[in-house]
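This report concerns only the one structure given below.
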Amino acid sequence: MTMDNADIASVFRELADLLELKGENPFKIRAYRRAADTIESLPEDAAALAAEGRLKSIEGIGEAIEKKTAELAGTGKLRLLEELRHEVPPGLRDMLRIPGVGPRTAAAVFRHLGIASVDELEKAARDGRLKDVPGMGTKTAENILRAVERLREEHWTRIPLGVALMLARSILDTVARVDGVREAAAAGSLRRWRETCGDLDIVVGAEKGGPVMEAVSAWHEVSEILSVGEERGSFATRGGVNVDVWVVPPAEFVAALHHATGSKAHNVRLRGIARERGLKINEHGVFLRDGGRLAVATEEDIYAALGLQYVPPELREDTGEIEAALEGRLPDLVQEKDILGDLHVHSDWSDGISSIKAMADAARARGYEYIAICDHSRSLGIAGGLTGDEVLRQAEFIADLRRHLDGITVLCGIEVDIKKDGTLDLPDEVLARLDVVVASVHSSFKQSREMMTERIIRAMRNENVDIIGHPTGRVLGRRDAYDVDMQRVIEEAARCGVALEINAYPERLDLDSGWARRAKDAGAVLAVNTDSHSFDQLGYMIFGVGVARRGWLERSHVVNAWPLGRLREWLSRSRNHRA
DNA sequence: TGCATGAATGCAACAGAGATCCATCTCTG
């Protein structure tokens, strides 16, 4: 059995939970959680690093965690974990998933009643036995019953960014109509443009919280009110999404928005820096030690007070942005207005629903210089894929159309299928005659890591290929990424001068921001494309730009932020640089 | 547990709101 980084991370998370249930040293628990996060996002194989004794050189990982990783990789087990599982029944850990039940509560219930599973807890809450536990009363029992019920009926998954944005718009509309509301905005992971959101954080500037909370309670999407105070309210929607509303005096809006935007790790770092400078920062503002308040009119002011360059929300993850801001070397992030074209859209020649003309008109309306029509190739029969002849006919059609179109250049391209063995679905002679070739995997997702990696690398070495489309193949909430050594793909892309796509389609967002950043670091270029299947989907670009920004990309890293001349140069040059 | 300091030991560490048990727990970024 092999242990990948995700497996190892989940073992350390379990270890941390069990230790917490035992009431162990909080620093130890934190160390395991931190190591789990680190290992999970490690581009290299943690087990291999541990075997070579190199894992402990990573910040936050020491001798003990390296040894445990090696033990896990070698034996598939961890002695300490087995012992802990014996002491702390696994059902106790399940209980932590119930909102309102934390380690203290779970441990107390086990100690006093011997309850060690969600089912038993539910029974005890129902027949009144919970009241025998010190610190628990009827109200707590009721809350637990409700929470368990909710846990059963709802699938607790994170929602895609696109869905979160729609929900946020709807609730912001509701809130904006409330008397006395001056400002309202979405914060949290949505404002940081994370690919998926666990919940929604809405910050409202108003003198009184009551009316806002009432309006949200009456909002048609709300199915349950979890808690409501003057400043904070927590709600559940029908779709099982948690919405947290923070109402603050208008003067504190900026501080509250900043706080609620997070990330938690970023906030913790900022507070540490504030302390070093004799300041205190919280959701109400920035304060001097003696309690005096610093004037904060914008988020820029908050960072300036701490001696930091302004950090855009997309970078607030404590993944190096604090250090960069201290040294004044944050990237000049690419913006939506920098995007000059879309290099991967479909038309009604394959499975799109808009005509090429309609796509071109919509692109021009967005202010683009160019758009590349890249319909599917023949093997994707279900999507009406084009044969070589049809592609060439389409190219002639586009050439003809160009004569009647002003203000936008339509490039002819193809989204050519990468077949199982890494060869392409159309002959080289056809591909060579097109402006843009996007190559993508649409089949045999279950191939081994080695085969999939070789398959994509072989495609990149074809001198006609310009862009690898949706490189990991994941579809949010529907399909996991296929198993591929993305680090190798990135290195090869950098070597061949092939761009990796950030597919902006809200359910894909593939590459994700983590890989996008690594690709940039490796010297690869990226293309942010919508994969639109109708003209109105060109608007998905904003999601892709969000991912690009989270990936620390500047305009120079994104080929479709380049003017047509430079893009054409790259398109022709990239065809002469292969192995 | 990790890390820094000085070689085995001490220390690390955000801050606030809401709920219920009114002091403690859980949750939020």
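Chain identifiers are assigned alphabetically (A, B, ...) following the order of the sequence lines, protein sequences preceding nucleic acid strands; residue numbering begins at 1 within each chain. This is a predicted model, so every value here is computed, not measured.
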So [X], base contact, sugar-phosphate only, or nothing? Heavy-atom distance under 4.0 Å.
| X | answer |
| --- | --- |
| A:G135 | base |
| A:K67 | nothing |
| A:I65 | sugar-phosphate |
| A:R192 | sugar-phosphate |
| A:I29 | nothing |
| A:T261 | sugar-phosphate |

Rounded interatomic separation in angstrom, taking [atom1] from [X] and [atom2] from [N]:
| X | N | atom1 | atom2 | value |
| --- | --- | --- | --- | --- |
| A:N143 | B:dT20 | CG | C1' | 9 Å |
| A:W246 | B:dG29 | CH2 | P | 7 Å |
| A:K56 | B:dG2 | NZ | C1' | 13 Å |
| A:K139 | B:dC22 | NZ | C1' | 15 Å |
| A:H258 | B:dG29 | NE2 | C1' | 10 Å |
| A:D37 | B:dT1 | CG | P | 18 Å |
| A:F235 | B:dT28 | CZ | P | 14 Å |
| A:Y32 | B:dC3 | OH | P | 14 Å |

*Salt-bridge contact A:K77-A:E82 (side-chain N to carboxylate O under 4.0 Å)*: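 No, A:K77 and A:E82 are not salt-bridged.
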
*A:R104, CZ: over 12 other non-hydrogen atoms inside 6.0 angstrom*: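 Open.
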
*Has A:D173 got more than 12 heavy atoms of other residues, nucleotides or ligands less than 6.0 Å from its CG?*
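Correct, the count exceeds 12.
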
*If the sugar-phosphate is the primed atoms plus P, OP1 and OP2 and the base is the rest, what is the B/S/- string for nucleotides 10-18 of chain B, using protein heavy atoms under 4.0 Å?*
--BBBBBSS

*A:W193 ring centre to A:R550 NZ or CZ under 6.0 Å, with the angle to the axis within 45°?*
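No, A:R550 does not lie over the aromatic ring of A:W193.
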
*Taking atom CD of A:E323 and atom CG of A:L330, what is their separation to the nearest 0.5 Å?*
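Between A:E323 CD and A:L330 CG, I get 10.5 Å after rounding to 0.5 Å.
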
*Do the side-chain N or O atoms of A:T105 get closer than 4.0 angstrom to the phosphate oxygens (OP1, OP2) of B:dT26?*
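Looking at the OP1 and OP2 atoms of B:dT26, one of them is under 4.0 Å from a side-chain N or O of A:T105.
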
*Look at the aromatic rings of A:Y303 and A:H266 and report parallel, tilted or perpendicular, splitting at 30° and 60°.*
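It falls in the tilted class, 30° to 60°.
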
